[in-house]
2 protein chains.
Amino acid sequence: MEPPALLWSVDNCTIARAMAIIGDKWTFVVLRDVFQGIHRFDQMRVRTGIPRQVLTNRLDRLVAEGLLRREPYREEGSRTRTEYRLTDKGLDLYPVLVAILAWGDRYLADPEGSPIELVHRDCGAPVHAPLNCTAGHEVKSPREIAPRPGPGARRRV
Amino acid sequence: MEPPALLWSVDNCTIARAMAIIGDKWTFVVLRDVFQGIHRFDQMRVRTGIPRQVLTNRLDRLVAEGLLRREPYREEGSRTRTEYRLTDKGLDLYPVLVAILAWGDRYLADPEGSPIELVHRDCGAPVHAPLNCTAGHEVKSPREIAPRPGPGARRRV
DNA sequence: TTGCTGGGTCTGTCAATAAGACCTAGCCTG
DNA sequence: CAGGCTAGGTCTTATTGACAGACCCAGCAA
């Protein structure tokens, strides 16, 4: 019983392409901070504990990939410096962050619970990213989901 | 204007802990295949192009972390071999995969579109993971979301 | 002119990845 | 019962990346 997936090429797989950009230990830790309003090199460094050089590399890559942009700022009595802000492409990673946080909270949190909660600014209720289908059904288990070839699918050679 | 996030410790951050497990270039590529019904070493290797040793390491780690389990199987005329199957902890990463796929499809797909679609097995409609809050509101933009300290939050020293 | 500060670079060490050859347990066939 | 086949791995070597810590540097203020 050959799995049908074996018939299809994966060389244009968007998951693999995404992981080439965001697939490392630190990127989401950086994004977590930026999403939380931390935009400056040294603040990130202190919070995350990332080695300077690695943080420099990550920020450079995130800027090169268009997830962050550099923005000059000038504080009273200091010279102009740069801070890092999310682009739309970066902001659109928020659902991924929410999903990772949900998983981490479930399996990796201390007994007291998660140190971070994400709430809807207006109503104060927690935010989640539940699976559902566009027909409006709630998807209770991943087993209800079937993968199938999309418009960009190519047969394997 | 100090960002309030700076007051809080991040040493028990569940995002960082999650990234220590799943934060690398290959893990989600492996999980993608397992979710698609590919459970055997060589099939994964051919599809993903991962170097053998790295695939061995990843599978070992995923088993050690309890996301996959080894299952012996026996095919007609062959000796017993092992295949890799998702545990509940691994299955629960599905929403993360869905979110990554959505982002990748939006920003990284070829012009023809994504090679993979995930559909609801019963109704055939595409599956997504939209953000919403537990009060039932749809969250249209990440800007509507505010982070706040959770039950496990600790002040920085 | 000296010092402070944020955002870096330089250097050296060690761990992870990549590529490719080699190994091994058991089943089958000659 | 020798030899080949196969899935699921090791072994070796070269290259890249992570890490730690020292150092640098522009410009504002005292």
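In what follows, every chain begins at residue 1, and chains take the letters A, B, ... in the order their sequences are listed.
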Closest nucleotide among [options] to the [X] side chain:
X        : options                   : answer
Arg81(B) : dG6(C), dA7(D), dC19(D)   : dA7(D)
Thr82(B) : dG27(D), dA18(D), dG9(D)  : dG9(D)
Val54(B) : dA18(C), dT10(D), dC28(D) : dA18(C)
Thr56(B) : dA7(D), dA19(C), dT10(D)  : dT10(D)
Tyr84(A) : dG8(C), dC19(D), dA18(D)  : dG8(C)
Lys25(B) : dG6(C), dG8(C), dA18(C)   : dA18(C)

- Message: What I want to check is whether an N or O donor and acceptor connect the side chain of Glu75(A) with the base of dT5(C) at under 3.5 Å.
- Response: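 When only heavy-atom distances are counted, Glu75(A) does not reach the base of dT5(C) through any donor-acceptor pair under 3.5 Å.
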- Polar pair under 3.5 Å, donor/acceptor by atom type, side chain Arg52(A), base dG7(C):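 Per atom types, the contact qualifies.
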Without decimals, in angstroms, what is the distance between [X] [atom1] and [N] [atom2]?
X        : N       : atom1 : atom2 : value
Leu59(A) : dG8(C)  : CG    : P     : 8 Å
Asn57(B) : dA15(C) : CG    : P     : 14 Å
Leu55(B) : dG20(C) : CG    : P     : 17 Å
Arg79(B) : dC23(C) : CZ    : P     : 16 Å
Arg45(B) : dA19(C) : CZ    : C1'   : 11 Å
Gln53(B) : dC11(D) : CD    : P     : 9 Å
Asp60(B) : dT10(D) : CG    : C1'   : 12 Å
Arg40(A) : dG6(C)  : CZ    : P     : 9 Å

Considering all heavy atoms of both residues, which atom of [X] and which atom of [Y] are nearest to each other, and what is their separation?
X         : Y         : result
Asn132(A) : His137(A) : CB-O, 3.0 Å
His128(B) : Thr134(A) : CD2-CG2, 3.5 Å
Ala5(A)   : Arg47(B)  : O-NH1, 2.8 Å

- Task: For dG8(D), take OP1 and OP2 only and decide whether either is under 4.0 Å from a side-chain N or O of Arg70(B).
- Result: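 For dG8(D), OP1/OP2 do not have a side-chain N/O of Arg70(B) under 4.0 Å.
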- Any donor-acceptor N/O pair, Arg85(B) side chain to His39(B) backbone, under 3.5 Å: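 A pair under 3.5 Å: no.
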- Task: Spell out, yes or no, whether Phe35(A) and Val119(A) are grouped together once hydrophobic residues are joined by side-chain heavy atoms under 4.5 Å, including indirect joins.
- Result: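 No, separate clusters.
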